[in-house]
Amino acid sequence: RQVLEEQVAERRRRHEAEVQAERGRDGGYFGPDEKQCAPHSQGEEHRRILLAQMEVERQRRTESRERRIKMENLMLGNAIDSLQKEAMEEQDKVQRNREA
């Protein structure tokens, strides 16, 4: 019986020692690896490309706006011409009715 009690006590001590050892260790880091910084030259290249794209986009918007304004002016001119033509035809019609 004494041998069994010693074995139980030894097992408890060993278990407690293992628990203390586990608690004393660092838990570790399980997240993603740290990213390497991109070289500065790569950022400069990316910046230069973005600026070029922005300039092209600005020019495209300006040209598109100018085209739209030109089309609106043409449509407005055509509408005015059409209204003037209709007014003249109406006057001619009235004049002909007076003469008849």
Side-chain angles (χ1 to χ4, degrees):
R1 178 173 179 168
Q2 185 179 6
V3 173
L4 288 176
E5 289 175 356
E6 286 177 11
Q7 286 178 349
V8 170
E10 177 62 29
R11 191 173 292 161
R12 263 193 210 133
R13 281 193 300 268
R14 199 173 341 132
H15 178 69
E16 288 177 12
E18 288 175 2
V19 168
Q20 290 299 323
E22 286 290 321
R23 289 181 182 164
R25 285 193 331 189
D26 185 19
Y29 177 69
F30 295 100
D33 295 335
E34 291 201 25
K35 294 181 180 178
Q36 298 293 326
C37 292
H40 184 66
S41 60
Q42 185 179 1
E44 281 295 319
E45 177 71 14
H46 184 66
R47 180 182 158 278
R48 187 180 58 73
I49 290 171
L50 284 178
L51 287 174
Q53 288 175 352
M54 288 168 58
E55 180 62 24
V56 168
E57 178 66 15
R58 186 187 62 78
Q59 290 175 355
R60 187 192 62 77
R61 272 188 272 124
T62 301
E63 290 171 358
S64 175
R65 181 176 180 270
E66 289 172 356
R67 250 192 332 269
R68 189 182 70 246
I69 289 172
K70 186 176 180 181
M71 289 296 292
E72 288 174 358
N73 286 339
L74 283 173
M75 289 173 57
L76 185 61
N78 288 343
I80 290 172
D81 289 344
S82 176
L83 288 173
Q84 287 176 343
K85 183 179 177 184
E86 286 177 12
M88 289 180 74
E89 288 175 356
E90 188 66 30
Q91 284 179 350
D92 287 346
K93 186 176 176 183
V94 168
Q95 186 72 24
R96 275 185 269 137
N97 284 342
R98 283 186 190 163
E99 291 174 0

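A quick note: this is a predicted structure, and the numbers were derived from the prediction, not measured.
- With contacts defined as side-chain heavy-atom distances shorter than 4.5 Å, the pair Ile80/Gln84 qualifies.
- Rounding to the nearest 0.5 Å gives a distance of 10.0 Å between CD of Gln20 and NE2 of His15.
- Between Glu10 and Arg13 there is a salt bridge, since at least one side-chain N of the basic residue sits less than 4.0 Å from a carboxylate O of the acidic one.
- Applying the side chain to side chain contact (heavy atoms under 4.5 Å, CB included) test to Leu4 and every residue at least two apart in sequence or in another chain returns Gln7.
- The side chain to side chain contact (heavy atoms under 4.5 Å, CB included) test applied to Arg11 returns no partner, not counting sequence neighbours.
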Subject >> Evaluation steps, side chain to side chain contact (heavy atoms under 4.5 Å, CB included), between Arg12 and Val8 >> reply: CA-CA 6 Å; Arg12 263 193 210 133; Val8 170; 4.0 Å; yes
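- In terms of the side chain to side chain contact (heavy atoms under 4.5 Å, CB included) criterion, residue partners of Val94 (sequence neighbours excluded) are, by chain and number, Glu90, Arg98.
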May I have the list of side-chain donor-acceptor pairs in residues 44-56 shorter than 3.5 Å, sequence neighbours left out?
residue: Glu45; atom: OE1; partner: Arg48; partner atom: NH2; Å: 3.0
residue: Glu45; atom: OE2; partner: Arg48; partner atom: NH2; Å: 2.5
residue: Glu55; atom: OE1; partner: Arg58; partner atom: NE; Å: 3.4
residue: Glu55; atom: OE2; partner: Arg58; partner atom: NH2; Å: 2.4
residue: Glu55; atom: OE2; partner: Gln59; partner atom: NE2; Å: 3.3

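- Qualifying side chain to side chain contact (heavy atoms under 4.5 Å, CB included) partners for Glu86, counting only residues two or more places apart in sequence or in other chains: Ser82, Leu83.
- Two residues are said to be in side-chain contact when any heavy atoms from C-beta on lie closer than 4.5 Å; Ile69 and Arg65 meet this criterion.
- Taking CE of Met75 as the start and CD of Glu72 as the end, the distance is 7.5 Å to the nearest 0.5 Å.
- Remark: Arg60 engages Glu57 in a salt bridge (Lys or Arg N to Asp or Glu O under 4.0 Å) (not counting sequence neighbours).
- Between Gln2 and Glu6 the shortest side-chain heavy-atom distance falls below 4.5 Å.
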